[in-house]
Amino acid sequence: MIKHLKYILTGPKIGPDMYFTHWLLFFKPLRILFQKKKIKKIGENSEIRPYCTIIGTNNVIIGKNVIIPPGTTLVTLPSNKEAIINIEDDVLLGPNVAIYCSTHNFENIKVPIKSQGYKVASVNLKSGCWIGINSVILPGVTIGKNSVVGANSLVNRDIPDYCIAVGSPAKVIRNLNTENEK
Ligand SMILES: CC(C)(COP(=O)(O)OP(=O)(O)OC[C@H]1O[C@@H](n2cnc3c(N)ncnc32)[C@H](O)[C@@H]1OP(=O)(O)O)[C@@H](O)C(=O)NCCC(=O)NCCS
């Protein structure tokens, strides 16, 4: 029981299935202490809101002025230091965004996929970008500075700075940088 409680308070996970974790996030002073304890690095004015799920909190870096809203899913492998989710300052996440640093291996047809291990790669959301509701960001992806990912997009390739990308897979439909130069 005490071991379990210790895991809930200090283990690399926050989620609706980890009781207390969400309760602690409801109260500002407790939230600030708790998020600082769990998350590798979290900047001032940033909030982990109740009912998000973060697996591998020790590999998540969050800059300043970032809200992780209810329904967000952030997944890294706690044991792999190469799988980092890096969310820079002033990033805006819509509801139900899912960001994954790992993907299952599946090449060996004789072994169930769940036993084949993972490929991992870090995800970077550069400062000021906006990820629309229900979007999924896959391992290895960087979203550029002040770029927009449209609602319901699946991003499996990097999106450059100052671009609007939409769809599944997400494609750049506008580049605000080149538009501003004209
Ligand atoms: C990406 C977005 C910002 C673009 O807005 P916009 O500049 O007004 O773009 P438009 O509505 O003029 O659409 C431009 C084109 O992209 C398409 N498009 C826009 N958003 C799209 C999306 N999410 N998925 C697929 N296609 C999309 C439009 O159909 C249109 O295509 P067309 O030129 O073939 O007709 C907006 O559509 C969006 O998805 N916003 C996210 C809203 C959200 O998640 N809010 C949560 C609150 S944080």
Side-chain angles (χ1 to χ4, degrees), residues 2-26 30-106 112-127 129-131 133-143 149 153-159:
I2 288 175
K3 210 172 154 194
H4 188 53
L5 198 62
K6 195 173 166 207
Y7 179 73
I8 283 167
L9 293 173
T10 61
K13 186 174 172 189
I14 292 173
D17 55 345
M18 300 273 281
Y19 41 76
F20 290 137
T21 59
H22 287 259
W23 183 78
L24 291 167
L25 292 170
F26 276 108
L30 289 173
R31 173 177 54 71
I32 289 169
L33 281 174
F34 187 61
Q35 67 188 25
K36 213 167 163 190
K37 176 125 192 102
K38 287 260 180 177
I39 303 291
K40 185 181 170 84
K41 213 167 160 195
I42 182 159
E44 64 188 81
N45 231 0
S46 289
E47 288 183 31
I48 309 290
R49 295 261 170 91
Y51 302 107
C52 65
T53 298
I54 309 180
I55 297 172
T57 48
N58 56 322
N59 285 332
V60 172
I61 298 173
I62 298 171
K64 291 183 280 184
N65 311 318
V66 177
I67 307 284
I68 307 296
T72 307
T73 305
L74 307 180
V75 178
T76 75
L77 287 185
S79 56
N80 190 326
K81 292 277 172 280
E82 285 165 35
I84 301 284
I85 293 179
N86 186 21
I87 302 177
E88 293 186 357
D89 298 346
D90 302 302
V91 165
L92 179 56
L93 296 180
N96 299 321
V97 166
I99 301 177
Y100 279 79
C101 268
S102 60
T103 183
H104 290 278
N105 292 327
F106 48 79
I113 289 170
K114 67 176 183 177
S115 307
Q116 291 193 37
Y118 302 91
K119 282 188 193 70
V120 298
S122 294
V123 172
N124 289 295
L125 306 190
K126 290 171 84 177
S127 64
C129 70
W130 172 31
I131 314 297
I133 181 170
N134 284 337
S135 293
V136 176
I137 316 286
L138 292 183
V141 163
T142 294
I143 308 293
V149 170
S153 297
L154 177 123
V155 191
N156 60 352
R157 300 276 184 274
D158 291 352
I159 306 299

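In this chain, numbering begins with 1 at the start of the sequence shown.
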**Complete:** Rounded to the nearest 0.5 angstrom, the CD-CG distance for Gln35 and Leu25 is 7.5 Å
**Asked** Is there side-chain contact between Leu93 and Leu125, with at least one heavy-atom pair below 4.5 Å?
**Response** yes
**Prompt:** What is the distance from atom CG of Asn124 to atom CD1 of Ile143, rounded to the nearest 0.5 Å?
**Reply:** 9.5 Å
**Request:** Determine, step by step, whether Thr142 and Lys126 satisfy the side chain to side chain contact (heavy atoms under 4.5 Å, CB included) criterion, reporting the C-alpha distance in whole Å, the side-chain angles of both residues, the deciding distance to 0.1 Å, and the verdict.
**Result:** CA-CA 7 Å; Thr142 294; Lys126 290 171 84 177; 3.7 Å; yes
**Message:** Counting neighbours of OH on Tyr7 that are heavy atoms of other residues, nucleotides or ligands and sit closer than 6.0 Å, is the number greater than 12?
**Reply:** yes
**Message:** Go through it in stages, so that I can follow the logic: the residues are Ile85 and Ile54, the test is side chain to side chain contact (heavy atoms under 4.5 Å, CB included), and I'd like the CA-CA distance, side-chain angles, deciding distance and then a yes or no.
**Reply:** CA-CA 10 Å; Ile85 293 179; Ile54 309 180; over 6 Å; no
**Request:** Report yes if the side chains of Asn59 and Leu77 come closer than 4.5 Å at any heavy-atom pair, otherwise no.
**Result:** no
**Request:** Measure the spacing between CG of Asn58 and OG of Ser79 and express it to the nearest 0.5 Å.
**Result:** 8.5 Å
**Prompt:** Just how far is it from atom CD1 of Ile99 to atom CD1 of Ile137, taken to the nearest 0.5 Å?
**Reply:** 5.5 Å
**4.5 Å side-chain heavy-atom contact, Thr53 and Pro16** = yes
**Asked** Does NZ or CZ of Lys119 lie under 6.0 Å from the centre of the six-membered ring of Phe106, at an angle within 45° of the ring axis?
**Response** yes
**Message:** With heavy-atom distances below 4.5 Å as the criterion, would you say the side chains of Thr10 and Lys37 are in contact?
**Reply:** yes
**Item:** Glu82 to Ser122 - nearest heavy-atom pair and separation
**Value:** O-OG, 2.7 Å
**Request:** Using the six-membered ring wherever Trp is involved, compare the ring planes of Tyr118 and His104 and label them parallel, tilted or perpendicular (cut-offs 30° and 60°).
**Result:** tilted
**Request:** Before giving the answer on side chain to side chain contact (heavy atoms under 4.5 Å, CB included), spell out for Val60 and Thr76 the whole-Å C-alpha distance, their side-chain angles and the decisive distance to 0.1 Å.
**Result:** CA-CA 8 Å; Val60 172; Thr76 75; 4.1 Å; yes
**Prompt:** Mind checking whether Ile14 and Phe34 have side chains closer than 4.5 Å, heavy atoms only?
**Reply:** yes
Exercise answer: donor-acceptor pairs, residues 64-73 side-chain atoms, under 3.5 Å, sequence neighbours excluded:
residue	atom	partner	partner atom	Å
Asn65	OD1	Asn45	ND2	3.0
Asn65	ND2	Asp90	OD1	3.0
Thr72	OG1	Pro69	O	2.7

**Item:** Note, Ile61 side chain near Ile84 side chain (heavy atom, < 4.5 Å)
**Value:** yes
**Asked** Do Val155 and Ile131 have side-chain heavy atoms sitting under 4.5 Å apart?
**Response** no
**Message:** If you count heavy atoms of other groups shown closer than 6.0 angstrom to CD of Gln116, is the number above 12?
**Reply:** yes
**Request:** For side chain to side chain contact (heavy atoms under 4.5 Å, CB included), just list the numbers for Lys38 and Ile42, CA-CA rounded to whole Å, side-chain angles, deciding distance to a tenth of an Å, and then say yes or no.
**Result:** CA-CA 9 Å; Lys38 287 260 180 177; Ile42 182 159; over 6 Å; no
**Item:** Distance in Å, Cys101 SG paired with Ile55 CD1, rounded so as to fall on 0.5 Å steps
**Value:** 12.0 Å
**Over 12 non-hydrogen atoms of neighbours within 6.0 angstrom of NZ in Lys81** = yes
**Asked** Rounded to the nearest 0.5 Å, how far apart are CG of Leu74 and CD1 of Ile87?
**Response** 5.0 Å
